[in-house]
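One structure is given below, represented as structure tokens, and several questions about it will come after.
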Amino acid sequence: MRFLSLVILISLNVALFGQSDTVFNQTDAANRKQGYWKKSWPNGKLMYKGFFRDNKPVGEMRRYFESGALKAILMYDKDGLFSRAKIYYEDGTLAAQGNYFNAEKDSVWTYYSYYNKSLTSRESYIKGSREGSFINYYPNGEISEKTEYKNNLKNGNWEQYFNGNVPKLMAHYDNNKLEGGFIVYFNNGKPYITGQYKNSLREGKWIFYKEDGAVENILNYNEGKAAEEKQLNKEEQDFFRLIDESQGKFNEPDETEFLQPNKK
């Protein structure tokens with residue numbers, strides 16, 4: 001028993017000595033990063049630290065804000081290609097988590113609110129390409145918007161909901177272009193606007209309703225143009241302007257820059 005305790009004590013002392021005696025920021029003859037690396041911000045606070053093998057990160061890497069607060073933890077596999085990432089707000093709460101493959105997003109990513117810590121969105125990737133459902137949530141966990149992707153393009157249904165799972169908008173994308181039926185609802189469940197898209201242009205009869213279900217306007221579109229479009233009120237015009245400006249566009253999350261393992 002004494003012998004076992006002595007072995008444990010010696011092993012612990014060796015481990016502690018080795019950790020304090022670690023040499024950082026070494027490269028080999030081919031100028032590849034090898035071993036433990038770390039870098040500091042101009043104010044002296046640690047920017048990142050991690051272990052490299054043949055210029056690729058292996059095991060745990062930690063990145064920090066300039067304040068010294070933890071920004072991200074990445075756990076790399078032995079080849080430095082696959083990693084599990086957790087990203088934090090500066091106050092220490094979780095902002096996002098997901099996987100990387102070769103520095104590109106892979107599988108499911110989830111994002112959380114800074115203010116109430118609730119789930120805000122969930123995205124699906126295959127080696128950097130958007131594939132599957134992109135979903136936004138209300139703080140109560142209900143879906144506010146859902147868009148389908150294939151081959152990094154919007155393909156499939158586009159849905160929006162009011163709180164309470166009441167439909168707000170229903171449409172369909174084909175290779176990043178709106179195609180087929182398009183309907184917007186009032187929050188009482190009745191139609192507000194109905195129409196058709198063809199090649200992302202409004203086509204055919206578009207009907208605008210009052211909240212009580214009565215028809216307010218009927219416009220006839222041909223390749224996105226309608227002679228009667230001046231009849232629309234400002235709210236209706238602004239709505240169409242937003243739809244036209246946002247087609248095929250999406251906002252890229254901003255955390256990838258500081259997660260690249262060889263940056264800075």
Side-chain angles (χ1 to χ4, degrees), residues 108-124 130-150 152-253:
V108 177
W109 274 76
T110 53
Y111 298 84
Y112 303 90
S113 168
Y114 173 81
Y115 299 99
N116 58 30
K117 321 310 177 191
S118 66
L119 175 67
T120 58
S121 62
R122 180 175 281 119
E123 305 173 346
S124 181
R130 291 176 173 230
E131 297 285 344
S133 300
F134 275 57
I135 306 173
N136 295 328
Y137 297 89
Y138 287 109
N140 64 4
E142 294 177 354
I143 293 175
S144 63
E145 184 172 25
K146 182 178 181 180
T147 309
E148 297 295 326
Y149 282 83
K150 186 177 181 180
N152 218 35
L153 300 175
K154 291 179 180 178
N155 273 289
N157 292 336
W158 175 29
E159 305 167 1
Q160 291 184 355
Y161 296 89
F162 293 104
N163 250 319
N165 295 314
V166 177
K168 183 178 184 180
L169 180 151
M170 296 288 161
H172 187 86
Y173 274 97
D174 187 3
N175 290 326
N176 248 25
K177 294 182 178 181
L178 285 167
E179 294 285 352
F182 184 93
I183 182 166
V184 180
Y185 298 89
F186 289 105
N187 58 12
N188 63 7
K190 292 184 178 181
Y192 169 39
I193 303 171
T194 61
Q196 295 280 325
Y197 271 95
K198 184 178 181 180
N199 199 29
S200 272
L201 297 174
R202 291 184 285 279
E203 187 69 28
K205 183 181 292 186
W206 280 69
I207 304 175
F208 297 77
Y209 299 87
K210 296 179 180 179
E211 200 163 354
D212 61 4
V215 173
E216 183 172 33
N217 274 320
I218 298 178
L219 279 67
N220 293 284
Y221 281 89
N222 181 28
E223 295 183 348
K225 297 180 181 179
E228 316 99 324
E229 197 160 7
K230 292 182 180 178
Q231 299 174 16
L232 298 180
N233 61 38
K234 185 178 184 304
E235 181 181 350
E236 293 164 342
Q237 291 173 349
D238 287 345
F239 175 82
F240 275 151
R241 177 180 57 79
L242 289 172
I243 294 295
D244 292 341
E245 289 177 354
S246 65
Q247 283 184 41
K249 297 179 180 178
F250 45 79
N251 294 322
E252 288 288 349

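Note that these values count all heavy atoms, side chains included, but never hydrogens, waters or copies made by symmetry. All residue numbers refer to positions in the sequence shown, counting from 1. All figures in this text were calculated on a predicted structure; none of them were measured in a lab.
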Checklist entry - Is there a donor-acceptor pair closer than 3.5 Å between any side-chain N or O of Asn155 and the backbone N or O of Asn175? => result yes
Next on the checklist: Whether the Gln160 and Ser144 side chains hold a donor-acceptor pair (N or O, under 3.5 Å, no angle test) is what I'd like checked.
Outcome noted: no
Checklist entry - OH of Tyr112 to OG1 of Thr110: how many Å apart, nearest 0.5 Å? => result 3.0 Å
Checklist entry - Applying salt bridge (Lys or Arg N to Asp or Glu O under 4.0 Å), which residue pairs with at least one partner in residues 109-118 are found, sequence neighbours left out? => result Asp91-Lys117
Checklist entry - With no hydrogens and no angle check, is any side-chain donor or acceptor of Asn199 less than 3.5 Å from a backbone partner on Leu201? => result no
Next on the checklist: Let me confirm one number: the CD-NZ distance from Glu145 to Lys168, rounded to the nearest 0.5 Å.
Outcome noted: 8.5 Å
Item to check | Spacing of OG belonging to Ser133 relative to CD belonging to Glu123, to within rounding of 0.5 Å | outcome: 11.5 Å
Next on the checklist: Please report whether the ring centroid of Trp206 lies less than 6.0 Å from that of Tyr197.
Outcome noted: yes
Checklist entry - Does the Ser118 side chain pair with the main chain of Ser113, one donor and one acceptor, at a distance under 3.5 Å? => result no
Checklist entry - Would a distance-only check, ignoring hydrogens and angles, find a side-chain to backbone donor-acceptor pair under 3.5 Å from Glu148 to Asn157? => result no
Checklist outcome for this item: So OG1 of Thr147 and CG of Asn136: to nearest 0.5 Å the spacing works out to 7.5 Å
Next on the checklist: Measuring only between side-chain heavy atoms, which start at C-beta, is Tyr137 closer than 4.5 Å to Ile143?
Outcome noted: yes
Next on the checklist: Please find the pair of heavy atoms, one from Pro191 and one from Ile183, that lie closest to each other, and give the distance.
Outcome noted: CB-CD1, 4.2 Å
Checklist entry - Is there a side-chain contact (heavy atoms from CB on, under 4.5 Å) between Tyr149 and Lys154 once you walk through the steps? => result CA-CA 4 Å; Tyr149 282 83; Lys154 291 179 180 178; 3.4 Å; yes
Next on the checklist: Set out, in order, the CA-CA distance, both residues' side-chain angles and the distance that settles side-chain contact (heavy atoms from CB on, under 4.5 Å) for Glu142 and Val166, then state yes or no.
Outcome noted: CA-CA 10 Å; Glu142 294 177 354; Val166 177; over 6 Å; no
Checklist entry - Which atom pair, heavy atoms only, marks the closest approach of Leu169 to Phe182? => result CD1-CZ, 3.9 Å
Checklist entry - Just by distance, do the side chain of Glu179 and the backbone of Tyr173 share a donor-acceptor pair under 3.5 Å? => result no
Item to check | Nearest-0.5 Å distance, CZ of residue Phe162 to CZ of residue Phe186 | outcome: 9.0 Å
Item to check | Closest non-hydrogen atom pair, Tyr209 against Ile193 | outcome: CD1-N, 4.5 Å
Next on the checklist: Show the nearest heavy-atom pair for residues Glu131 and Phe134, with the distance to one decimal.
Outcome noted: N-CE1, 4.5 Å
Checklist entry - So, for Ala171 and Leu178, which heavy atoms are closest and what is the spacing to 0.1 Å? => result CB-CD2, 4.0 Å
Checklist entry - What are the two closest heavy atoms between Asn217 and Leu219, and how far apart are they? => result CB-CD1, 3.9 Å
Checklist entry - Roughly how far apart are Tyr221 OH and Gln196 CD, rounded to 0.5 Å? => result 13.5 Å
